[in-house]
Amino acid sequence: NFDTVEFIVSHGNHERIYPAKTSTEPDYANLGVVMGKTLQWAFRGNSRVKFHLTNDWYQVVQVAGVKMLLQHGHALPGAGSFDGIVNQFRKWDGLLPKYDAAMIGHFHKLSRLPLPVPYGTTAQRTVFMNGTSVNSDAYSDQFGSAHSTSWWTLFANSKRLTAEYAVSLYD
């Protein structure tokens, strides 16, 4: 049904081979990256399958003409609150490449966070936080956080995001 299929591999804390406190390996040395590189090798002769792999903690990729900043979310220092997440993205303005929207995970909670409009533009940017694919999340529950089992489905034309839907993974 599709001319091309693209895999975007973004490493995070869930795939670590060793605990971060004891590991001497770089952050990208984890099972998620190993799986991405293995699949890239397995599909090396198939021109319809493309991979976006990076050793950085983020990447900006074109999705239907929209520049999406993608990252796991574990690289957000001190982002225990929605305001903390927005403030960190504000601090990154001017340091990261230009992007139209951002997608993160890590916090196991579905949310949509508007970002301040960058100086000199009227374009609204948003951070979309996906929930978790785990149906029961005792780790989040023990800290009083309510996990959500929904992920965003986004639609775009060649210029901007045109629609967004929170889709429950288990209904």
Side-chain angles (χ1 to χ4, degrees), residues 1-15 28 32-33 35-36 39-40 43 46-76 79-135 137 140 145-171:
N1 292 338
F2 299 100
D3 293 334
T4 60
V5 176
E6 297 187 40
F7 289 92
I8 301 165
V9 179
S10 180
H11 61 84
N13 63 309
H14 296 286
E15 304 97 13
Y28 59 84
V33 173
M35 287 186 291
L39 286 170
Q40 184 181 37
F43 285 96
N46 189 333
S47 62
R48 294 180 53 228
V49 181
K50 298 182 181 0
F51 287 84
H52 299 275
L53 299 165
T54 182
N55 291 341
D56 291 326
W57 53 271
Y58 75 94
Q59 56 183 310
V60 177
V61 297
Q62 288 268 358
V63 179
V66 175
K67 290 181 183 175
M68 294 290 296
L69 183 139
L70 305 171
Q71 65 160 306
H72 176 78
H74 71 295
L76 290 161
S81 69
F82 290 156
D83 286 340
I85 292 169
V86 170
N87 285 335
Q88 187 58 51
F89 272 89
R90 290 178 67 202
K91 289 177 185 176
W92 287 336
D93 274 347
L95 300 174
L96 296 176
K98 300 241 182 270
Y99 60 93
D100 302 311
M103 179 72 71
I104 65 173
H106 184 67
F107 299 99
H108 299 215
K109 186 177 289 227
L110 183 86
S111 190
R112 180 188 186 283
L113 306 174
L115 293 173
V117 175
Y119 180 77
T121 181
T122 59
Q124 178 64 54
R125 293 181 307 166
T126 302
V127 175
F128 293 93
M129 293 173 55
N130 277 324
T132 181
S133 60
V134 178
N135 201 13
D137 189 358
S140 293
S145 177
H147 70 281
S148 51
T149 55
S150 296
W151 285 4
W152 288 104
T153 299
L154 305 174
F155 293 87
N157 61 20
S158 61
K159 298 176 186 149
R160 64 181 182 85
L161 294 177
T162 58
E164 56 200 52
Y165 296 95
V167 177
S168 175
L169 300 177
Y170 295 102
D171 288 341

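Just so you know, residue 1 is the first one in the sequence shown, and it goes up from there.
- One N or O on the side chain of T162 and one on the backbone of F155 form a donor-acceptor pair closer than 3.5 Å.
- Counting heavy atoms from C-beta outward, V86 and P116 have side chains that approach closer than 4.5 Å.
- Shown here is Y165, whose OH atom has no more than 12 heavy atoms of other residues, nucleotides or ligands within 6.0 Å.
- For the pair L69/F89, a side-chain contact is recorded, criterion being any heavy-atom separation below 4.5 Å from C-beta on.
- Listed by chain and number, the residues in a ring pair (Phe, Tyr, Trp, His ring centres under 6.0 Å) with W152 are F128 (sequence neighbours excluded).
- Results of the side chain to side chain contact (heavy atoms under 4.5 Å, CB included) test with M68 over D100, L154, V60 single out L154 as the only residue that passes.
- F51 and F43 have tilted rings, their planes meeting at an angle from 30° to 60° on a 0 to 90° scale.
- Side-chain atoms of W151 never come within 3.5 Å of backbone atoms of S168 as a donor-acceptor pair (strictly under, hydrogens ignored).
- For G73 against I104, the heavy-atom pair with the smallest separation is CA-CB, 4.3 Å.
- The main-chain N or O of R90 is never found under 3.5 Å from a side-chain atom of N87 such that the two would form a donor-acceptor pair.
- No side-chain donor from either of H74 and H106 sits under 3.5 Å from a side-chain acceptor of the other.
- Between the Q59 side chain and the V9 main chain, a donor and an acceptor come within less than 3.5 Å of each other.
- Residue pairs satisfying the salt bridge (Lys or Arg N to Asp or Glu O under 4.0 Å) criterion with at least one member in residues 58-67, sequence neighbours excluded, are absent.
- Between the side chain of Q124 and the main chain of L115, a donor-acceptor pair closer than 3.5 Å is present.
- Within the 3.5 Å criterion, the main-chain N or O of R48 finds a donor-acceptor partner in the side chain of N46.
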